[in-house]
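Working notes for the structure below.
Because the structure is predicted, anything quoted here is derived from the model rather than measured.
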Amino acid sequence: MPQLRIALAQVNPTVGDLAGNSATVVEWTRKAAEAGAHLVVFPEMVLTGYPVEDLALRKSFAAASKKALTDLAVALADAGCGDVAAFVGYLDLDEVGPRNAAAVLHRGEVVAKQFKHHLPNYGVFDERRYFRSGHALEIVRVRGLEVGMVICEDIWQEGGPISALGQAGVDLVVSPNASPYERAKDDARLPLVARRAAEADAPLVYVNQVGGQDDLVFDGDSMVVDVRGNLVTRAPQFVEHLSVVDLDLPGDAARVDRDTVDDFTVRRVVLSTEPVPAYEPLPAPGIAEPLPEEAEVWAALVTGLRDYVRKNSFRSVVLGLSGGIDSAVVAALSADAVGAASVHGVSMPSVYSSDHSKSDAADLAERIGLHYQVQAIEPMVAAFVDQLGLTGLAEENVQARCRGVTLMGLSNEHGHLVLATGNKTELAVGYSTIYGDAVGGFAPIKDVPKTLVWALARWRNAEAEKRGETPPIPENSISKPPSAELRPGQVDSDSLPDYDLLDAVLDDYVEGDSGYDDLVAAGFEPPLIDKVLRLVDRAEYKRRQYPPGTKISFKAFGRDRRLPITNAFREGRPVAPQP
């Protein structure tokens, strides 16, 4: 029975870094060749990185991408990898417009290329803005076996290229992907890939990108399923990884030698016709188990922060340490992402700061081993309050803004990236100060609800204890009532509902787009609904000005949820008509 050894190159490209991404493809193709692979599959648009956004509309970038592709084919041959058929995603441009494309590189040449058919235009995706749809399939014969290809969204939609490949007849389908992470998404991938393998009547190789790109993070989770939908191998999440697998392919696909199938133009390209001589197969490949929920979210947040820092050439981060749960979790994430030696924490007490907040901040710094300093803001606040005669909310906000100025000053002086420490719940209801605690270049827990922040803190401490390490987050930071400490005796519950209840309402309203009547039907009390929805709707201008942060939910603020700032529509109880 003919066999084929396939490598899945789950790698971490950087958008726009054509030279660096090309070097990555050469490096990992060399590894695949050394493992005896006959073909290697890379993620969607690996050569340009993904998503390229409006770079796709720049003709100079598309031209550079196409040149980099032809140069890469030569570089692979020069590196001794020319006999390996490399499936590489890139940006193309033809007379129709920009294309999300993938090519096959072999023996120094670009021997085949195919354009993405289904262009997603929902959530974080705007592909119809950038690309033109493809309507051709290039089936490549490798060692006598027919290999078809589909690109990312082409497997997430019924019909289309997968169905056409099934009718045309192929022995194997490969699928380059750049599928962003969101919680529990890996639970949906395996059933999806299994269904598409059945539709194509062929095993399916799914290769996904890994790493962070601005507010998106990619978890890998690459896999191979056989024609019956059985999982053959699965790569670990959030790490670069080369999976090499031997597939027994019968080589008897019922080929349909027609130029068109289901409105798709079909072209068959022959690379090699001789079957692979019999060889000793590799041991059964590993199947990585998906991470547990808190571990998965933590890995996503660490990956997103690490790559934002690294890919934007920062060497260190700085954040305010209040002694509270949010800054403690961000500090622990930062240490895991870039190392404690690159984390700078600043305690900025005011006249209202409690003794335990100061001591909890110092305790956190000692536990993690980060750089720590105290910068009292009382003199700065007094200067503003006295000169402007500020009271009440204005005085509270000046405290937050003095802290923001302090952090930005340290950033300018030392080149640190400032991290905003607000969570999704606070951002939803506007519980933050513009130019104060909202300052920064990145917000690691921007998409993490408050209740999940606590869960992650407990999980991270438990993991440290399992490893015999000091838990990074002080227990007092987890257990004490949260407070902004901007006035005497202040706690969050003065202004906000209980966080468990608040997050439940927000989940329905923000994630589920529920209306007022839907929330009432879900069992929430009308006064609670009125208050929460009013807070959310009035805070859109703050969310627009907040730094980017790693997306982990189905609907994150920013790319996923786009509402007008000037907006007179309000959800609410029906108003009786006036007589």
### Task
Could you tell me whether the side chains of Thr451 and Asp503 share a donor-acceptor contact shorter than 3.5 Å?
yes
### Query
Would you find more than 12 non-hydrogen atoms of other residues, nucleotides or ligands less than 6.0 Å from Glu366 atom CD?
no
### Task
Look at Arg570 together with Asp530 and state whether they make a salt bridge at an N to O cut-off of under 4.0 Å.
no
### Query
Just checking, any donor-acceptor pair under 3.5 angstrom between side chains of Gln209 and Asn177?
no
### Query
Is there side-chain contact between Asn461 and Pro472, with at least one heavy-atom pair below 4.5 Å?
yes
### Task
Would you mind checking if Asp126 and Arg562 are paired as a salt bridge, meaning a charged N to carboxylate O distance below 4.0 Å?
yes
### Query
Judged by modelled atom types alone, do Asp360 and Asn476 share a side-chain donor-acceptor pair under 3.5 Å?
yes
### Message
Take a 6.0 Å sphere around CZ of Arg544 and say whether it holds more than 12 heavy atoms from other residues, nucleotides or ligands.
### Response
yes
### Task
Report yes if the side chains of Asp214 and Pro548 come closer than 4.5 Å at any heavy-atom pair, otherwise no.
no
#### Entry: Any donor-acceptor N/O pair, Ser477 side chain to Gly323 backbone, under 3.5 Å
yes
### Query
Is there a donor-acceptor pair closer than 3.5 Å between any side-chain N or O of Gln157 and the backbone N or O of Glu153?
no
### Query
Does a side chain donor of either Gln399 or Ser350 reach within less than 3.5 Å of an acceptor in the other side chain?
yes
#### Entry: Side-chain donor or acceptor of Asp518 paired with backbone N/O of Gly515 under 3.5 Å
yes
### Task
Tell me, please, whether Tyr546 has Lys446 positioned over its six-membered ring: NZ or CZ under 6.0 Å from the ring centre and within 45 degrees of its axis?
no
### Query
Considering the options Ile445, Val330, Thr425, which one meets the side chain to side chain contact (heavy atoms under 4.5 Å, CB included) requirement together with Val453?
Ile445
### Query
Going by atom types alone, do Lys542 and Thr433 pair a side-chain donor with an acceptor below 3.5 Å?
no
### Message
Is it the case that over 12 heavy atoms from other parts of the model lie below 6.0 angstrom from the CZ atom of Phe554?
### Response
no
### Task
Could you tell me whether the side chain of Arg189 and the main chain of Asp221 form a donor-acceptor pair under 3.5 Å?
no
### Message
Does any part of the side chain of Ser316, heavy atoms only, come nearer than 4.5 Å to the side chain of Leu417, both counted from C-beta?
### Response
no
### Query
Do Lys358 and Ser347 have side-chain N/O donor and acceptor atoms under 3.5 Å apart?
no
### Message
Any side-chain to backbone donor/acceptor pair from His371 onto Ala341? Under 3.5 Å, distance only.
### Response
yes
### Message
Would you say that more than 12 heavy atoms from the other residues, nucleotides or ligands in this model lie under 6.0 Å from the CD of Glu525, or not?
### Response
no
### Query
Side chains of Ser322 and Arg403: closer than 4.5 Å at any heavy-atom pair?
no
### Query
With Tyr122, which residues qualify under ring pair (Phe, Tyr, Trp, His ring centres under 6.0 Å), at least two apart?
Phe125
### Message
Under 3.5 Å, is there a donor on one side chain and an acceptor on the other for Glu240 and Gln10?
### Response
no
### Query
Can you tell me if Asp326 and Thr421 form a side-chain donor-acceptor pair at under 3.5 Å?
no
### Message
With a 3.5 Å distance limit and no angle check, can you tell me whether Arg315 reaches the backbone of Arg310 through a side-chain donor-acceptor pair?
### Response
no
### Salt-bridge present (Arg559, Glu53; N to O < 4.0 Å)
yes
### Query
Would you say the side-chain atoms of Asp154 pair up with the backbone N or O of His118, donor to acceptor, closer than 3.5 Å?
yes
### Query
Do Thr406 and Met380 come close enough that some side-chain heavy atom pair is under 4.5 Å?
yes
#### Entry: Distance-minimising heavy-atom pair for Leu407 and Leu319
CD2-C, 3.9 Å
#### Entry: Check ion pair Asp215-Lys551 (N to O, under 4.0 angstrom)
no
### Message
Distance alone, cut at 3.5 Å: any donor-acceptor contact between the side chains of Tyr181 and Gln237?
### Response
no
### Query
Got a salt bridge between Glu158 and Arg196, using NZ or NE/NH1/NH2 to carboxylate O under 4.0 Å?
yes
### Query
Is there a side-chain contact between Asp54 and Arg58 (heavy atoms, below 4.5 Å)?
no
### Query
Can Arg306 and Asp336 be counted as an ion pair, charged N to O under 4.0 angstrom?
no
### Message
I'd like to know if Arg460 pairs up with Glu465 as an ion pair, taking the criterion as any Lys NZ or Arg NE/NH1/NH2 lying under 4.0 Å from an Asp or Glu carboxylate oxygen.
### Response
no
### Task
For this output row, return yes or no: ring centroids of Phe238 and Phe218 closer than 6.0 angstrom.
no
### Query
Can you check whether Gly160's main-chain N or O pairs, donor with acceptor, with Ser163's side chain at less than 3.5 Å?
no
### Summary
Here the gap from Glu475 atom CD to Ile478 atom CD1, rounded to the nearest 0.5 Å, amounts to 5.0 Å
### Message
Assess, by modelled atom type and distance only, whether the side chains of Lys311 and Asn12 contain a donor and an acceptor separated by less than 3.5 Å.
### Response
yes
### Task
Would you tell me whether Asn397 and Tyr435 have side-chain atoms, one donor and one acceptor, within less than 3.5 Å of each other?
no
### Message
Under a plain distance cut-off of 3.5 Å, with no hydrogens placed, do His416 and Ser411 share a side-chain donor-acceptor pair?
### Response
no
### Query
How about His344 and Gln373: do any of their side-chain heavy atoms sit closer than 4.5 Å?
no
### Task
Decide, yes or no, whether a salt bridge links Glu127 with Arg132 under the criterion of side-chain N to carboxylate O below 4.0 Å.
no
### Query
Taking the side chain from Glu571 and the backbone from Tyr516, do they hold a donor-acceptor pair closer than 3.5 Å?
yes
### Over-ring placement of Lys480 relative to Trp454, 6.0 Å and 45° cut-offs
no
### Query
Is any side-chain heavy atom of Leu501 less than 4.5 Å from a side-chain heavy atom of Phe524?
yes
### Task
May I ask you to decide whether Arg234 forms a salt bridge with Glu289, counting only side-chain N to carboxylate O separations under 4.0 Å?
no
### Message
Is it true that Asn208 and Ser179 share a donor-acceptor pair across their side chains at a distance under 3.5 Å?
### Response
no
